[in-house]
Amino acid sequence: MIDNSNNNDEYINRLKPLAFMVVLVIGVLIARVGYLQVYDGEYYAKLADGNRIRIIPSMAPRGTFFDRNGQLLVTNRPGFTVSLLPLTEPISDDVINRLSLLVNVSVEDMKAKIQAHSGFDPIRIKTDVTADIVTIIEEQKNNYPGVVIEVQPIRNYILHQEAAHTFGYVSEISDAELETKKAEGYRSGDIIGKFGLEKIYDKEVRGENGGEQVEVDVSGTPVQILGKKEPTPGADLILTIDRDLQVAAEQAVDAQLSAINAHAAAAVVLNPQTGEVLALVSRPAFDPNLFAHGISTKDWNAINNNPYHPMDDKAITGEYPPGSTFKIVTGTAALASGRVTPEEQIFDSGHHWLIPKGNASGEALGWLNFRAALAHSDNVYFYEMGNRLGVDLLGQYSRMFGLGEKTGIDLPYESEGMVASKELKMKLYNEEWYLSETFDAAIGQGFNLVTPLQAAMVMGEIAANGKRYKPHVVQKIVTQNGELIKEFQPELLSQLEVPDWVIQLVQSSLHDVTKYGTAARNFAGFPYDIAGKTGTAENSQGRDHGWFVGYAPFDNPQISVAVIVEQGGFGATSAVPIGRAIMEAYFKIYEMRAQQWAAYLASQQAQAVENK
């Protein structure tokens with residue numbers, strides 16, 4: 001019989017180190033688990049939570065626009081937005097197809113938004129949906145996993161089409177815009193200003209978005225809100241616009257366009273002593289509310305296919321020959337440079353003696369001095385002024401008035417206009433300059449182009465004794481608590497370098513226009529003294545454009561007005577009625593406010609006496 005005890009003992013002795021190693025490893029693992037669970041348990045719990053916690057942003061309301069008297073112009077209202085929020089997994093094609101039918105957004109558009117999306121921000125599919133859509137999504141959540149309803153501030157333009165070009169509009173940021181604005185903190189789905197003041201002051205009025213820290217379960221359903229940061233509203237804008245005067249100007253333009261069967265016009269009203277813009281009108285217009293909640297194809301086509309271009313702000317981007325309103329510049333240049341004296345008589349036989357150019361209706365006005373020539377807008381007299389000045393000196397004075405360059409108004413896409421010159425013609429046509437073109441330039445035709453804003457500025461410079469102030473639409477930027485962030489003071493751009501007597505003679509001649517000249521019939525019985533100038537600008541595309549520029553009151557100018565009616569014919573019959581209506585509204589509004597203020601002061605004094 002063989003004894004195996006020694007072999008077993010040897011085998012057991014060999015296993016002991018291995019068993020010890022196994023026990024040691026198990027002990028280390030148990031210790032490590034205990035360490036992780038007890039000592040570092042809180043740390044790893046937080047990491048686990050991070051896998052099921054999402055940050056969902058909430059949009060800040062944009063700042064409110066007020067007029068100069070505190071009346072509301074642009075504000076916000078609550079609205080429902082349908083968004084996709086793929087918290088744990090991509091949105092399925094079934095959900096996309098189902099939602100496409102419900103909100104009438106194409107599958108292609110939805111998938112494009114999803115493709116461009118990054119991070120955990122909501123993918124906003126349709127803004128400002130109706131209550132019935134909200135109800136369907138809320139009641140049928142199982143059919144719309146990953147679809148959420150957000151309550152967002154929707155821009156509300158109270159005046160609708162009125163002042164639309166000034167206020168502008170907002171819309172969702174495009175991919176191209178996002179690429180240039182990422183560094184400024186803009187994100188996909190943000191609503192930004194696209195036009196007007198909304199665009200220029202977007203940074204100030206957009207505010208700072210907030211958000212919620214939300215815990216979700218494995219299916220992506222929110223479980224609880226762990227933290228919340230309230231959005232910070234944007235700053236408010238207090239404008240120089242007078243809402244009552246703006247509405248009156250819009251109504252005057254609409255009424256006249258309807259009366260004479262014209263389709264496009266612009267009007268500018270500003271304070272020549274400060275540069276504050278009191279009203280800006282451009283027709284046709286559009287309703288910016290259409291863009292605030294996502295414009296439909298039908299509405300966009302109606303705007304885009306309108307031959308009179310509703311999206312153009314004709315008050316600052318439209319460029320037109322100034323017609324006879326330019327005689328203010330020509331006359332100032334001729335007097336200041338000594339090319340003519342106030343008393344010199346020039347004979348109008350019906351046409352100029354060098355080139356057979358005459359008055360629009362072929363009349364001959366005989367002997368005229370400067371004052372009579374400007375009052376009756378005599379072409380022959382101003383042809384001679386052009387002949388004496390030459391195009392170079394005429395261009396020098398044009399630029400002294402600020403023509404041929406942007407005014408610097410705080411609105412986008414302003415045009416700079418054009419000043420006639422030999423260099424300009426050579427650049428455009430590679431041709432020499434002719435004397436007949438100097439004649440044309442002297443009466444505001446040919447190569448001269450101005451915007452309605454520039455025309456109002458020229459009249460404003462005469463009204464303000466040669467001072468040219470930078471036009472501006474925003475008076476103050478304030479917090480929603482009324483704390484001042486920035487205030488815009490009048491900014492003097494230039495002073496006409498002409499003798500005082502020249503400006504005074506031009507002023508009195510423009511006063512004669514409304515008393516005895518081309519606008520006398522329109523202002524017959526007008527209870528206030530004003531100055532003005534009519535103009536008719538030739539138009540190769542149809543009927544002539546009608547102009548009127550003026551300021552009031554004559555002895556203490558507070559408003560400068562410019563009106564153009566595209567293809568309206570003579571300025572005296574198309575544009576002057578609008579100018580008169582605007583001035584009437586100005587006096588009526590401010591007289592009413594003066595009476596209200598006097599009544600308020602009287603009541604305060606009576607209350608003070610009673611309290612004593």
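Since the structure is predicted, the reported quantities are computational estimates derived from the model, not experimental observations.
With hydrogens and angles disregarded, no donor-acceptor distance shorter than 3.5 Å links the side chain of Asn69 to the backbone of Gln71. With hydrogens and angles ignored, the 3.5 Å screen pairs a side-chain donor or acceptor of Asp378 with a backbone N or O of Tyr381. Judged purely by atom type and a 3.5 angstrom limit, Thr514 uses its side chain to pair as donor or acceptor with the backbone of His511. Glu414 places a side-chain N or O within 3.5 Å of a backbone atom of Gly408 that can act as its donor or acceptor partner. Side-chain atoms of Gln454 come within 3.5 Å of backbone atoms of Glu416 as a donor-acceptor pair (strictly under, hydrogens ignored). Judged by distance alone, the side chain of Arg155 and the main-chain N or O of Val170 form no donor-acceptor pair under 3.5 Å. Within the 3.5 Å criterion, the main-chain N or O of Lys588 finds no donor-acceptor partner in the side chain of Glu591. Judged purely by atom type and a 3.5 angstrom limit, Lys327 uses its side chain to pair as donor or acceptor with the backbone of Ser377.
A side-chain contact (heavy atoms from CB on, under 4.5 Å) with Met459 is found for exactly one of Ile328, Ile559, Val561, namely Ile328. Here the options are Arg468, Arg399, Lys470, the test is salt bridge (charged side-chain N to carboxylate O under 4.0 Å, His left out), and the partner is Glu405; only Arg468 passes. Here the options are Leu449, Val450, Asn448, the test is side-chain contact (heavy atoms from CB on, under 4.5 Å), and the partner is Glu319; only Leu449 passes. Ile578 pairs in a side-chain contact (heavy atoms from CB on, under 4.5 Å) with only one of the listed residues (Val563, Ile564, Asp254), which is Val563. Only one option out of Gln504, Gln507, Gln273 pairs with Asn465 in a side-chain contact (heavy atoms from CB on, under 4.5 Å); it is Gln507.
Checked against the 6.0 Å centroid criterion, the rings of Phe286 and His165 qualify as a close aromatic pair. In summary, the aromatic rings of Phe401 and Tyr397 are positioned with their centroids too far apart to meet the 6.0 Å limit. Taking the six-membered ring for Trp and the full ring otherwise, Trp353 and Tyr383 have centroids separated by 6.0 Å or more.
Here Phe382 pairs with nothing under the ring-ring contact (aromatic ring centres under 6.0 Å, His included) rule; sequence neighbours left out.
Put simply, OG on Ser324 and NE2 on His376 are 13.5 Å apart, with the number rounded to the nearest 0.5 Å. Taken to the nearest 0.5 Å, the CG atom of Asp544 stands 7.0 Å off from the CG atom of Asn539. Here Arg68 contributes atom CZ and Leu245 contributes atom CG; the two are 10.0 Å apart, rounded to the nearest 0.5 Å. To the nearest 0.5 Å, atom NE2 of residue His352 and atom OG of residue Ser436 are 12.0 Å apart. Taking CG from Leu510 and OH from Tyr551, the interatomic distance works out to 6.0 Å, rounded to the nearest 0.5 Å. One distance of note links OG1 of Thr274 with CG of Asn271; it measures 3.5 Å at 0.5 Å rounding.
The 12-atom threshold is not exceeded at OH of Tyr516, counting heavy atoms of other residues, nucleotides or ligands nearer than 6.0 Å. Few gaps surround CD on Glu431; more than 12 heavy atoms of other groups in view lie less than 6.0 Å from it. Within 6.0 Å of CZ in Arg521 there are 12 or fewer heavy atoms belonging to other residues, nucleotides or ligands. Remark: Lys425 NZ is packed, more than 12 non-hydrogen atoms of other residues, nucleotides or ligands lying under 6.0 Å away.
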Practice problem: Would you check, one step at a time, whether the test side-chain hydrogen bond (donor to acceptor under 3.5 Å, both in side chains) holds for Asp410 with Tyr201? | Solution: CA-CA 9 Å; Asp410 47 347; Tyr201 293 96; 2.8 Å; yes
Practice problem: Check the pair Trp547 / Thr536 against side-chain hydrogen bond (donor to acceptor under 3.5 Å, both in side chains), numbers first and verdict last. | Solution: CA-CA 6 Å; Trp547 276 102; Thr536 305; over 6 Å; no
Exercise. Given ring pair (Phe, Tyr, Trp, His ring centres under 6.0 Å), test Phe523 with Phe548 step by step and report yes or no.
Key: CA-CA 12 Å; Phe523 283 95; Phe548 172 73; 5.8 Å; yes
Quiz item: What do the steps show when you test Ser415 against Thr451 for side-chain hydrogen bond (donor to acceptor under 3.5 Å, both in side chains), and what is the final call?
Solution: CA-CA 7 Å; Ser415 298; Thr451 67; over 6 Å; no
Self-check item: side-chain hydrogen bond (donor to acceptor under 3.5 Å, both in side chains) between Asp348 and Asn379, intermediate numbers included
Solution: CA-CA 9 Å; Asp348 172 14; Asn379 282 353; over 6 Å; no
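Here the closest non-hydrogen pair linking Leu335 and Pro342 is CD2-N, 4.1 Å. When all heavy atoms of Phe326 and Ser398 are compared, the closest pair comes out as CZ-OG, 3.3 Å.
Under a 4.0 Å N-O distance rule, the pair Asp529/Lys515 qualifies as a salt bridge. Electrostatic pairing of Arg283 and Glu250 counts as a salt bridge here, judged by a charged N lying under 4.0 Å from a carboxylate O.
Between Tyr308 and His263, the ring planes lie parallel to each other; the angle is under 30°, not in the 30° to 60° tilted range. Under the 30°/60° scheme for interplanar angles, the aromatic rings of Phe447 and Tyr429 are found to stand perpendicular.
Using modelled atom types and a 3.5 Å distance limit, the side chains of Tyr586 and Gln558 yield no donor-acceptor pair. In this structure, a donor-acceptor pair under 3.5 Å is absent between the side chains of Tyr590 and Gln595.
In this structure, Ile158 and Thr75 have side chains that are in contact, with non-hydrogen atoms separated by less than 4.5 Å.
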